[in-house]
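Shown next, in structure tokens, is the structure this report addresses.
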There are 4 protein chains.
Amino acid sequence: MTSAAAAGTGAAEGTPRGRPRSEAAELAIVGAVLRLLDRGGSLGGMSVEGIAAEAGVGKATIYRRWPNKEALLLDVLVRTELPEPEYVDGTVRDVLVEIMEFFRMAALARRERSTLTLLDQFRAVPELHQRYLDQVIAPRRARLRKLITRGMERGEIRADIDPDLLGDLLVGPMLTRTLLHPDAGLDDPTLSATIVDTLLQGIAPVASGT
Amino acid sequence: MTSAAAAGTGAAEGTPRGRPRSEAAELAIVGAVLRLLDRGGSLGGMSVEGIAAEAGVGKATIYRRWPNKEALLLDVLVRTELPEPEYVDGTVRDVLVEIMEFFRMAALARRERSTLTLLDQFRAVPELHQRYLDQVIAPRRARLRKLITRGMERGEIRADIDPDLLGDLLVGPMLTRTLLHPDAGLDDPTLSATIVDTLLQGIAPVASGT
Amino acid sequence: MTSAAAAGTGAAEGTPRGRPRSEAAELAIVGAVLRLLDRGGSLGGMSVEGIAAEAGVGKATIYRRWPNKEALLLDVLVRTELPEPEYVDGTVRDVLVEIMEFFRMAALARRERSTLTLLDQFRAVPELHQRYLDQVIAPRRARLRKLITRGMERGEIRADIDPDLLGDLLVGPMLTRTLLHPDAGLDDPTLSATIVDTLLQGIAPVASGT
Amino acid sequence: MTSAAAAGTGAAEGTPRGRPRSEAAELAIVGAVLRLLDRGGSLGGMSVEGIAAEAGVGKATIYRRWPNKEALLLDVLVRTELPEPEYVDGTVRDVLVEIMEFFRMAALARRERSTLTLLDQFRAVPELHQRYLDQVIAPRRARLRKLITRGMERGEIRADIDPDLLGDLLVGPMLTRTLLHPDAGLDDPTLSATIVDTLLQGIAPVASGT
DNA sequence: GCATAAACGAGACGGTACGTCAGGTCTTTAA
DNA sequence: TTAAAGACCTGACGTACCGTCTCGTTTATGC
């Protein structure tokens, strides 16, 4: 029905009869949502009528593509997910810092916080909730986990730690600073390095090795 | 204005004429919200009319106490905040584990996730946003920070770390598991200890091995 | 549900709880419809949103009173039915002329023509169709029939005619001139007398003529 | 749905080259309207989309032929107007009865009543209103008037009556029974004769000739 | 002990937005 | 070129809530 369906079904739709969906309209809609977000609107406070007006599009054109408001908003978030750079080579520590920088930037993009709103609203539409987790969160976690595992194999990270827990330890501070004390911290360019190094060294006093 | 105002202003209300506010109604309202939440409703999808009906109360009785829906929902969350136990004595490590257990329990109470929805919706009502941060988050952070500082003074924690960052490192995994992969992890009773110990030891391989 | 229901049920509504329906709003709605009609709108081309806007009223206030647009419009027609004067005494011929004048005036009120639209639209909602017939048409017919019967008893009208057919013969020309050639005839003040007299005399040449 | 029209119209599909089915589409459209009418639909409640679907035709194919919905519906009515028989010879009384029988049959065809809906809807499109009056009503009236005039010349009808009024007196009962009390009367085969004879004789008692 | 005054349940009020449907136009592919 | 299919914008439909405002009733205090 929407691009989700397109992603799901392989192909073989048969010949599409009738006037094809206007790609321009689709872009106008997504663009309108982003424009309204940047103009200070919150995701939850957005109305389909407002989006249609901003996009210069009929409401039906929106509902032809997305079954409801939440699906549209989620889709916009998925589409605007920043492209993660290729983390080429380097010590695991350096790549971790790089990944953390990506998270920091994504969070700073100020859309992240609103995202969480949807995660809750989607309890009523569980497949959407799952879709966000699958399409945005899971890939991030997978990349992180792969890097961590590699670090363990190389001997740069202790091998007796649950890689998932380590991922959470890394991502966690980004999340708390996005949600719980948003006024502080995210714009410190040394934050990523500090987090990674602190984790690497541990918080116990140096002498406590014994 | 509301019970918040009552808490804020000292007194000097003059003599209250007329029929006093029914405490029973207030309890019925809060109870209705909790009942609806437990029944699977999401915070965002809740309607004042539904709450009033569930509580057997007129809408005006709600609006007499809270200025709008968000304030009511936030207030319910604040009121149902679990009472934090007194963390008496013990090594810093043990107390940290205890605190983390409290966070884990609060998150498991399943209200936490919905809470985040409000944090975003409150961008439109910033003083409510601030109030949640002030009344729920800040106290938690303060307790945590105090404990960390004490740990540093006692030499149980390295003193060259930003205590706030350390707080974020501790709380982060609880948050990620609440929001980003809720299916896993929170019900593991050893989680808190694992997090604290991992942090204490660091994730780098033991340099001076053997 | 609406005034129809009120007319139907005898009484015993129990105590009406809550804020009572605003009579002002009801008047504003009906008034708005009439204003829009006078401004040239056709009954069929009228929108509930337009009516609500013209009346300065929320749409829900309309739908609280009438279940749909057609019911509202029909109700307006029923309410604005001209009060028929008391046809006191006089020869049957004179009273018939008087009645016909009433019909002519009602038709001239320019609402009659639009009424017919509803009569057809109501095929989908038969009870409304019936209601118009019952509340507007039937009373008119009854009055006419009573007068005709009286005329027969008094010997002023031939007794071997179906009174209903006679009623149709009288009303017919008003109807054709409203619907089928509206540009002509209705504003001739002698029309009613001409119809009645033509019918009384018959259209065949006077047998015992000369 | 695609070959529905082909199934409906029994026409030869023949060579699909060039311009295969201009006329077939037209017939399919008109046929679809009549089918929907017979199936109980009202003229006003008919949608172009429904007609197109029923006809197995694209909406554009309809709009290529008629400028709007009303024009289509009116055209269908005009096309399905019963062919009026040649009223050869006989006394004027007999021919009048014959004409009235034609009106009665047309009214019984049950399309007449819906017609009236259009007459009102056409206030917004006055030239359509006029067209129906011109193409359906006026010819009927002309024929009637001609006959009446002939009757007057022959001395079978009083010459001091407005022929148009007389036409209205004749047609009126058919109209009232179509619109105002549709349950009664139209299927009585003696109705036409009764109306004509009643009019000829007049409704005043016989003695009143003086 | 009786008047005053405010709170109470109920529900109507003017609005805004929802998701659907239809009107009339435009744009594809197939024949 | 013409047809079918169906997308496009517009605007109305009838519904659900928002936060406010009467209603008639109930329950405290103060004169």
Side-chain angles (χ1 to χ4, degrees), chain A residues 15-22 24-25 45-53 55-69, chain B residues 15-22 24-25 45-53 55-69, chain C residues 15-22 24-25 45-53 55-69, chain D residues 1-5 15-22 24-25 45-50 52-53 55-64 66-70:
Chain A
T15 319
R17 308 259 261 163
R19 176 175 175 177
R21 298 265 173 89
S22 155
M46 214 162 283
S47 75
V48 174
E49 302 207 324
I51 294 168
V57 144
K59 267 202 293 179
T61 299
I62 293 180
Y63 283 106
R64 215 173 278 122
R65 288 167 167 76
W66 295 276
N68 52 50
K69 183 169 62 161
Chain B
T15 320
R17 307 261 264 165
R19 177 174 173 178
R21 297 263 173 92
S22 154
M46 215 162 283
S47 73
V48 174
E49 302 205 327
I51 294 168
V57 144
K59 271 205 292 178
T61 300
I62 293 180
Y63 282 106
R64 213 172 280 124
R65 291 167 166 74
W66 296 276
N68 51 50
K69 181 169 66 162
Chain C
T15 319
R17 307 260 256 158
R19 177 176 174 175
R21 299 265 173 91
S22 155
M46 215 162 283
S47 73
V48 174
E49 301 206 327
I51 294 167
V57 144
K59 267 204 292 179
T61 300
I62 294 181
Y63 283 106
R64 216 172 276 124
R65 290 167 165 74
W66 297 275
N68 51 50
K69 183 169 60 161
Chain D
M1 281 284 167
T2 40
S3 55
T15 325
R17 281 288 203 181
R19 39 161 75 171
R21 51 158 82 167
S22 180
M46 215 162 282
S47 73
V48 174
E49 301 205 327
V57 142
K59 269 203 291 179
T61 300
I62 293 180
Y63 282 105
R64 212 172 281 123
W66 294 275
N68 52 51
K69 182 169 65 160
E70 282 74 30

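A, B, ... follow the sequence lines: proteins, then strands. Residue 1 opens every chain.
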Closest approach of [X] and [Y], non-hydrogen atoms and distance?
X	Y	result
Arg21(B)	Arg64(B)	NH2-O, 3.5 Å
Val48(B)	Tyr63(B)	CG2-OH, 3.5 Å
Ala52(C)	Gly58(C)	CB-C, 4.3 Å
Lys59(B)	Glu49(B)	NZ-OE2, 3.0 Å
Thr61(D)	Ala25(D)	CG2-CB, 4.0 Å

Exercise. Determine the contact category for Gly50(A): base if any of its heavy atoms lies under 4.0 Å from a base atom, sugar-phosphate if only primed atoms, P, OP1 or OP2 are that close, otherwise nothing.
Key: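 Nothing: the residue Gly50(A), judged by heavy atoms under 4.0 Å, touches no strand.
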Between [atom2] of [N] and [atom1] of [X], the distance in whole Å:
X	N	atom1	atom2	value
Tyr63(D)	dT27(E)	OH	P	17 Å
Ile62(A)	dT10(F)	CD1	P	12 Å
Arg64(A)	dG6(F)	CZ	C1'	8 Å
Glu49(A)	dT15(F)	CD	P	17 Å
Trp66(C)	dC13(F)	CH2	C1'	17 Å

So, is [X] close to the [N] phosphate, meaning a side-chain N or O under 4.0 Å from OP1 or OP2?
X	N	value
Ser22(A)	dA7(F)	no
Arg21(B)	dA7(E)	yes
Thr61(C)	dG14(E)	yes
Lys59(B)	dG19(F)	no
Lys69(C)	dA12(F)	no
Arg17(C)	dC23(F)	no
Arg65(B)	dC8(E)	yes

Quiz item: On DNA chain F, nearest-nucleotide positions of Pro20(B) versus Ala60(B): which is more 5'?
Solution: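 The residue whose closest nucleotide sits nearer the 5' end is Ala60(B).
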Quiz item: Nearest nucleotide by nearest heavy atom, which residue falls closer to the 5' end of DNA chain F, Gly58(A) or Gly18(B)?
Solution: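 In this pair, the answer is Gly58(A).
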Self-check item: Ala25(C) vs Met46(A), nearer the 5' end of DNA chain E by closest nucleotide
Solution: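 Taking each residue's closest nucleotide, the earlier one in sequence belongs to Ala25(C).
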Quiz item: Taking atom types as they are modelled, is there a donor-acceptor pair under 3.5 Å from the base of dA28(F) to the side chain of Arg19(B)?
Solution: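 Checked by distance alone, the answer is no.
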